[in-house]
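Encoded as structure tokens, the structure appears first; notes follow it.
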Amino acid sequence: MGNVPSVPGFSPGFPAWGPQRFGYLNIENGTIFGKILYIMSDRGLVITKIVKYLESELPFLAATTTKYVYTCALAPNFAGWVGLNLIQNRNDGRVGVNSIIGVVSKQIEALLERLSPFDQAFPKPTITTSLGYLMPEKRYQEWLFVPQMNFDYISEAKKIKQAIELYGLPFMNANASLEAITEDLEHLRFSFRESVVYRLPVAYLLGDKTELAMEYVKRQLEILNGRQDDAAAKYRAFGDAFLKEV
């Protein structure tokens, strides 16, 4: 095995990495493997506490089959969508939570699923945005939790709960109509082009704007002329199915 530098607290065979590799956590005793397990365990406990608290304090949210994703009832044919984006690889060792807020148009998503053979590529929310951009600061917001027993995670988790209630719910209710969703998609609000090119023509079709829907899809197909990549192939399949539908 050769000459391994002698480092207090480390078992033979482990490289002499310094404690700085693990952020704020002090690694001076025990093996690296043991400390990694310890860090992972602590982070797991923190995440469990955060999720349990939010689930108990936001009872209108129903868990889905996707971990850390929840929905709630809005207007007919619409559902609110909340995702807890967990950041566990921060350099400082803390766990970050960035909440994503969205709206699901059940009609749009159902028609997309039927028309596209690649429906697994579509996320369920029709529109989404990071919760921080709905708040007065209008910027990315990440709530931070320290994986230590004495850290007051409830106070920090309460901020997420209050932000969802104060800013997330009004956003969901304000966009729970086909007219609002269509306008959002037209202006590339709360979405991205790769999603809009599928969802906007479906919204037009559901809104009895058949000619506009057909023109939009045909224009997108023309833009793809000469492209042979997977994304182009998927859209051509969708476009063919869509034009047959109308």
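Only a predicted model underlies this, so the values are computations on that prediction, with no experimental measurement involved. Sequential numbering from 1 along the given sequence is applied to the chain's residues.
- Taking Ile, Leu, Val, Met, Phe, Trp and Tyr as hydrophobic and joining them when side-chain heavy atoms fall under 4.5 Å apart, one finds Val69 in a cluster with Trp81, Ile100, Val104.
- Residues that satisfy the side chain to side chain contact (heavy atoms under 4.5 Å, CB included) test with Lys49, not counting sequence neighbours, are Tyr153.
- With sequence neighbours excluded, no residue forms a side-chain hydrogen bond (donor to acceptor under 3.5 Å, both in side chains) with Arg139.
- Evaluation of the salt bridge (Lys or Arg N to Asp or Glu O under 4.0 Å) rule for Arg90 yields Asp92, Glu142 as partners, not counting sequence neighbours.
- For Asp229, the side chain to side chain contact (heavy atoms under 4.5 Å, CB included) criterion is met by Arg227, Ala231, Ala232, not counting sequence neighbours.
- Applying the salt bridge (Lys or Arg N to Asp or Glu O under 4.0 Å) criterion to Glu55, with sequence neighbours excluded, gives no partner residue.
- In terms of the salt bridge (Lys or Arg N to Asp or Glu O under 4.0 Å) criterion, Lys106 has no residue partners (sequence neighbours excluded).
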Mind listing the side-chain donor-acceptor pairs of residues 164-177 below 3.5 Å, one per line with the distance, residues two or more places apart or on another chain?
from   : atom 1 : to     : atom 2 : distance (Å)
Glu165 : OE1    : Lys161 : NZ     : 3.1
Glu165 : OE2    : Lys161 : NZ     : 3.3
Asn173 : ND2    : Leu169 : O      : 3.2
Asn175 : ND2    : Phe171 : O      : 2.9
Ser177 : OG     : Ala180 : N      : 3.1

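- Every residue two or more places apart in sequence or in another chain that forms a side chain to side chain contact (heavy atoms under 4.5 Å, CB included) with Ala63 is listed here: Tyr70.
- Applying the side chain to side chain contact (heavy atoms under 4.5 Å, CB included) rule to Lys209 yields the partners Tyr204, Leu212; only residues at least two apart in sequence or on another chain are considered.
- For Arg189, the salt bridge (Lys or Arg N to Asp or Glu O under 4.0 Å) criterion is met by Glu183, Asp184, not counting sequence neighbours.
- Counting side-chain heavy-atom gaps under 4.5 Å among Ile, Leu, Val, Met, Phe, Trp and Tyr, the cluster of Tyr133 also holds Ile87, Tyr140.
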